[in-house]
Trainee: 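Structure in structure tokens, see below.
Fair warning: this is a prediction, and the values are worked out from it, not measured in the lab. Quick note on labels: first sequence line is chain A, next is B, and so on, each numbered from 1.
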Amino acid sequence: MTAPVEPVGLSRDEMARRAAQDIADGAYVNLGIGMPEKIAQYIPAGREIVLHTENGLLGMGPSPSPGNGDPELINAGKRQVTAMPGASYFHHADSFAMIRGGHLDLCVLGALEVAANGDLANWSTGDEGAIPAVGGAMDLVSGVKAVYVMTSHCTRDGRPKLVESCTYPLTGIGVVDRIYTDLAIIAVTVRGFEVVELSPSITFSYVAERTDAPLMDSRTEIENQ
Amino acid sequence: MTAPVEPVGLSRDEMARRAAQDIADGAYVNLGIGMPEKIAQYIPAGREIVLHTENGLLGMGPSPSPGNGDPELINAGKRQVTAMPGASYFHHADSFAMIRGGHLDLCVLGALEVAANGDLANWSTGDEGAIPAVGGAMDLVSGVKAVYVMTSHCTRDGRPKLVESCTYPLTGIGVVDRIYTDLAIIAVTVRGFEVVELSPSITFSYVAERTDAPLMDSRTEIENQ
Amino acid sequence: MIDKRTASAADAVATVGDGATVMIGGFGEAGSPIELIHALIDNGARGLTVVNNNTGSGEVGLAALIKNGQVDKMICSYPRSANSTVFPDLYRAGEIELELVPQGTLAERIRAGGAGIAAFFTPTGAGTELANGKEVRDFGGRPHVLEHGLTADLALIKAQVADWHGNLVFNKTARNFAPVMAMAAKHTSVQATTLVTPGALDPEVVVTPGIFVDLVVHVETPAQESDLVANGASYP
Amino acid sequence: MIDKRTASAADAVATVGDGATVMIGGFGEAGSPIELIHALIDNGARGLTVVNNNTGSGEVGLAALIKNGQVDKMICSYPRSANSTVFPDLYRAGEIELELVPQGTLAERIRAGGAGIAAFFTPTGAGTELANGKEVRDFGGRPHVLEHGLTADLALIKAQVADWHGNLVFNKTARNFAPVMAMAAKHTSVQATTLVTPGALDPEVVVTPGIFVDLVVHVETPAQESDLVANGASYP
């Protein structure tokens with residue numbers, strides 16, 4: 001006789017690996033600081049993805065080997081990186097011209113909350129004592145062709161991050177296209193949240209219970225297409 | 001017994017030489033197509049002037065020696081030029097950022113008409129059959145710190161170019177600071193046209209007769225300062 | 001693998017359709033992508049709006065495209081040139097439209113289009129007839145004109161060196177409008193005199209990053225407009 | 001002869017006065033002109049408004065300038081950093097003002113200031129609290145926020161190589177805000193790791209033309225912020 005096992009979703013690395021599979025060969029991509037950065041490690045063999053970092057580098061490569069870093073070659077998270085063959089450096093206004101002008105194919109960002117209409121909140125909890133800091137998030141969501149969110153499905157204390165409407169200050173209105181969580185891949189469409197893939201051992205109702213907005217099951221549609 | 005000799009003002013080259021004397025060492029200068037271009041040949045020895053051409057070159061040098069030109073190294077008048085040590089190339093939006101942003105110290109332009117309030121008309125005669133063409137003139141007059149005009153005092157058929165108010169379509173409003181003509185050097189101030197220097201053998205009344213607006217004589221003021 | 005090379009100039013203009021807006025690099029002959037313009041003549045698309053500082057000279061390149069009746073409207077700052085009657089004749093006959101824009105405003109509108117800036121306030125042209133009908137607002141006591149970003153369906157660009165990713169460097173004043181036009185068009189095609197593999201260009205000296213470029217054609221010995229005009233050439 | 005070199009970092013900040021607006025290049029430590037900032041601390045000017053993407057780290061450079069009580073207001077996009085409590089403590093105590101600007105809007109406002117563009121409409125931030133109180137207008141069916149150009153009295157910049165005319169090239173991502181800040185300030189001072197004579201830099205690779213630079217100081221072995229912070233350094 002065993003106690004019921006609580007289903008376990010994807011780990012952060014598994015989420016990154018899964019998201020990486022959906023990035024097309026040749027895409028120009030900005031990966032947000034934190035969890036989304038991991039995606040770079042899991043680009044499938046044979047695909048060439050060009051990474052953009054908003055502090056002025058297109059063609060960002062992995063961290064330098066020990067002792068080979070340059071403190072003036074860093075990413076948006078201010079960690080040392082490298083430059084790939086075919087890279088280019090440019091100034092900040094040119095970098096955000098790329099972003100705002102719709103030249104990047106995809107950005108993947110973290111989230112505090114995503115609403116069913118695609119609103120994103122990811123820059124401020126609005127707390128009294130917090131130092132407000134926005135960085136490039138508002139520019140990315142307003143300019144990049146596709147905006148994916150990569151996040152745990154719920155907060156550490158179990159509160160759903162996918163909600164009917166955001167309670168935190170917004171980063172952008174109606175900007176999110178797709179959400180990769182530990183539990184599922186969810187498209188944000190005119191109809192709201194639609195599950196397009198469940199993580200192994202996760203059921204639709206398990207996700208729906210942890211989502212604070214109506215959730216549609218679009219898996220069959222997808223599979224039948 | 002000889003007939004009275006008609007006074008003769010400065011030649012084009014003499015005008016260019018005179019205007020060149022008033023350009024400070026180290027100045028960043030844009031010289032308009034045509035007569036103002038000649039100024040570059042007369043920069044006094046010991047002064048270093050950096051010439052800007054709006055098609056993307058700072059540090060423009062003289063025409064290339066025969067056989068050494070590059071059809072892709074040209075000035076705004078589309079004639080082949082050279083680049084001086086310390087030159088730089090840039091694209092058109094950056095070039096006009098320099099102009100509009102007030103970074104150039106001086107431009108010298110031709111004129112159809114200059115009004116006593118500093119209005120300039122130099123891009124269109126408004127003729128029916130003419131092809132309208134403005135180039136960079138409106139940008140230059142709106143952005144450069146000082147705008148000098150270099151022009152014959154009258155048109156070929158003897159009509160004054162310095163007028164009470166322009167009849168041709170305007171290039172800019174209240175933009176001209178100083179005018180170099182074959183007859184005189186005229187400052188444009190809040191009080192209107194003020195002669196600050198007469199060409200050799202030219203009298204004030206001779207200039208005043210050929211000016212279609214009130215003309216003040218500021219030579220004494222200048223000399224007494 | 002990212003490889004934006006194509007062997008054919010025809011491919012480079014294949015996305016164009018009737019009524020398209022086409023930005024063409026160049027200031028006079030410097031930077032004029034003659035071979036790509038001639039491919040656009042071969043393509044035959046009509047009703048085009050063309051953005052270029054000038055209107056070409058002789059009967060090659062841009063002037064030939066206009067002469068071939070493919071251009072309904074020019075957006076430029078200086079439509080006169082020493083060696084062309086093509087545009088002036090059509091303009092006087094009322095057969096081609098002209099939107100005259102101050103040169104710096106033209107460059108800035110193209111940059112704005114490429115940078116996602118919908119509109120901007122500039123002092124250039126305030127109080128002149130080129131501001132007629134436009135919103136004017138005072139900033140710091142000076143009138144400024146509201147000008148709108150400009151985008152295009154296709155940009156045709158000449159570069160000195162391109163790598164397979166589309167990273168570009170230019171030759172001297174041939175750079176002019178090319179970098180901002182590459183940004184402002186949905187599809188940007190480049191003719192490059194030299195092609196190199198990614199990594200051959202120093203990332204510090206790239207002028208146009210490859211993200212702004214879709215296709216690169218190798219044109220090893222590009223024709224120079226002034227030579228063609230001097231020889232009385234015409235196209236097609 | 002044009003020679004913008006000066007031997008003294010004190011000279012490079014001498015134009016600053018109390019209440020001045022100072023743009024300081026750098027994104028994190030990359031491109032931070034530590035030696036010029038320390039000269040500004042020695043100068044002692046107070047009531048400054050400082051424009052930088054961040055607020056410094058440790059108790060050197062920008063963080064030291066703030067700690068020294070010289071800064072009344074920061075204009076930045078990301079005032080938090082891993083290794084600083086200087087700004088957060090003052091901000092929570094209500095002793096320093098913050099104007100928070102999205103990073104791309106900050107860069108574009110600085111470029112606009114340098115380019116003579118009074119204001120522009122951007123989609124960034126529309127519908128968020130950072131657009132509160134700002135004019136919003138629809139273009140192409142999307143709301144855009146009106147943002148104003150930003151200028152400064154002084155810009156402090158770190159370059160890799162400068163020539164005597166002030167032409168600059170940078171090192172990798174240390175370029176960041178420097179080129180637009182050099183454009184937007186009345187007076188721009190540069191610390192360069194290498195100084196060369198005019199003509200030594202290829203005109204094709206100059207990033208910041210000398211027209212935007214007023215003074216150049218040779219700082220052959222610039223301190224790196226992370227090293228100073230790791231060593232627990234503070235200034236003065």
Trainee: Do D/Leu100 and A/Trp123 come within less than 4.5 Å of each other through their side chains, counting heavy atoms only?
Mentor: yes
Trainee: Does CZ belonging to D/Arg92 count more than 12 external heavy atoms closer than 6.0 Å?
Mentor: yes
Trainee: To check you understand the geometry: which heavy-atom pair defines the closest contact between D/Gly104 and A/Arg100, and what is its length?
Mentor: O-NH2, 3.1 Å
Trainee: So which residue, D/Val207, D/Leu130, D/Ile110, ends up with the most heavy-atom pairs under 4.5 Å with chain A?
Mentor: D/Leu130
Trainee: Of all heavy-atom pairs between A/Ile131 and D/Pro79, which one has the smallest distance, and what is that distance?
Mentor: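 Nearest heavy atoms, A/Ile131 then D/Pro79: CG2-CG, 3.7 Å.
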Trainee: At a 4.5 Å cut-off on heavy atoms, which part of D/Leu98 comes close to chain A: side chain, backbone, both, or neither?
Mentor: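 The side chain, not the backbone.
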Trainee: Taking all non-hydrogen atoms of both residues into account, name the closest pair between D/Thr173 and A/Leu73 and its distance.
Mentor: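 Here D/Thr173 and A/Leu73 meet closest at OG1-CA, 3.4 Å.
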Trainee: So do D/Thr122 and A/Phe96 actually touch side chain to side chain, heavy atoms under 4.5 Å?
Mentor: no
Trainee: Could you tell me whether the side chain of D/Glu129 and the main chain of A/Leu170 form a donor-acceptor pair under 3.5 Å?
Mentor: no
Trainee: Return the minimal non-hydrogen interatomic distance between D/Gly127 and A/Ile173, and the atom names on each side.
Mentor: CA-CD1, 3.6 Å
Trainee: Counting heavy-atom pairs under 4.5 Å to chain A, which of D/Pro143, D/Pro179, D/Ser226 comes out on top?
Mentor: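 Of the candidates given, the most pairs with chain A belong to D/Pro179.
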Trainee: State, to 0.1 Å, how close A/Met138 and D/Gly125 come at their nearest heavy-atom pair, and which atoms those are.
Mentor: SD-CA, 3.8 Å
Trainee: Please classify the contact between D/Thr105 and chain A as side chain, backbone, both or neither, with a heavy-atom cut-off of under 4.5 Å.
Mentor: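 When you check distances to chain A, atoms from both the backbone and side chain of D/Thr105 fall under 4.5 Å.
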Trainee: Of the backbone (N, CA, C, O) and the side chain (C-beta and beyond), which part of D/Asn54 lies under 4.5 Å from a heavy atom of chain A, both, or neither?
Mentor: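 Side chain only.
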Trainee: Where the side chain of D/Arg142 meets the backbone of A/Ser142, is there a donor-acceptor pair that is under 3.5 Å apart?
Mentor: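 Yes, the answer is positive, given that a donor and an acceptor are paired below the 3.5 Å cut-off.
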Trainee: If you tally heavy-atom pairs under 4.5 Å against chain D, which of A/Gly129, A/Ala121, A/Ala97, A/Gly172 wins?
Mentor: A/Gly129
Trainee: Could you state the interatomic distance from NZ (A/Lys78) to CG (D/Asn83), rounded to the nearest 0.5 Å?
Mentor: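 It is 11.0 Å, given to the nearest 0.5 Å.
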Trainee: Picking from D/Lys158, D/Arg109, D/Glu225, which has the most non-hydrogen pairs under 4.5 angstrom with chain A?
Mentor: D/Lys158
Trainee: Measure the spacing between OG of D/Ser77 and CD of A/Glu54 and express it to the nearest 0.5 Å.
Mentor: 9.0 Å
Trainee: Side chain from CB out, backbone as N, CA, C, O: work out which of these in D/Tyr91 comes under 4.5 Å of a heavy atom of chain A, or both, or neither.
Mentor: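 Looking at D/Tyr91, just its side chain touches chain A.
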Trainee: Among D/Arg175, D/Gln103, D/Glu108, D/Arg111, which residue meets the side chain to side chain donor-acceptor pair (under 3.5 Å) test with A/His92?
Mentor: D/Gln103
Trainee: Return the minimal non-hydrogen interatomic distance between A/Val134 and D/Pro102, and the atom names on each side.
Mentor: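 Distance-wise, the nearest heavy atoms are CG1-CA, 3.7 Å.
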Trainee: Tell me, side chain or backbone of D/Val101 under 4.5 Å from chain A's heavy atoms, or both, or neither?
Mentor: backbone
Trainee: So which of A/Ala87, A/Ala83, A/Ala93, A/Gly56 has the largest heavy-atom pair count under 4.5 angstrom toward chain D?
Mentor: A/Ala93
Trainee: Does any backbone or side-chain atom of D/Phe170 lie under 4.5 Å from a heavy atom of chain A? Answer side chain, backbone, both or neither.
Mentor: neither
Trainee: Please flag which part of A/Thr171 lies under 4.5 Å from any non-hydrogen atom of chain D: side chain, backbone, both or neither.
Mentor: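 Just the backbone, heavy atoms under 4.5 Å.
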Trainee: I need the D/Thr124 OG1 to A/Asp139 CG distance, nearest 0.5 Å.
Mentor: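 Rounded to the nearest 0.5 Å, the OG1-CG separation comes to 4.0 Å.
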Trainee: Hey, mind stepping through A/Asp70 and D/Asn171 against side chain to side chain donor-acceptor pair (under 3.5 Å) and telling me if it holds?
Mentor: CA-CA 10 Å; A/Asp70 182 335; D/Asn171 177 37; 3.3 Å; yes
Trainee: May I ask you to check whether over 12 heavy atoms, not counting those of A/Met84, lie within 6.0 Å of atom CE?
Mentor: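 No, CE of A/Met84 has 12 or fewer neighbouring heavy atoms, counting only those of other groups under 6.0 Å.
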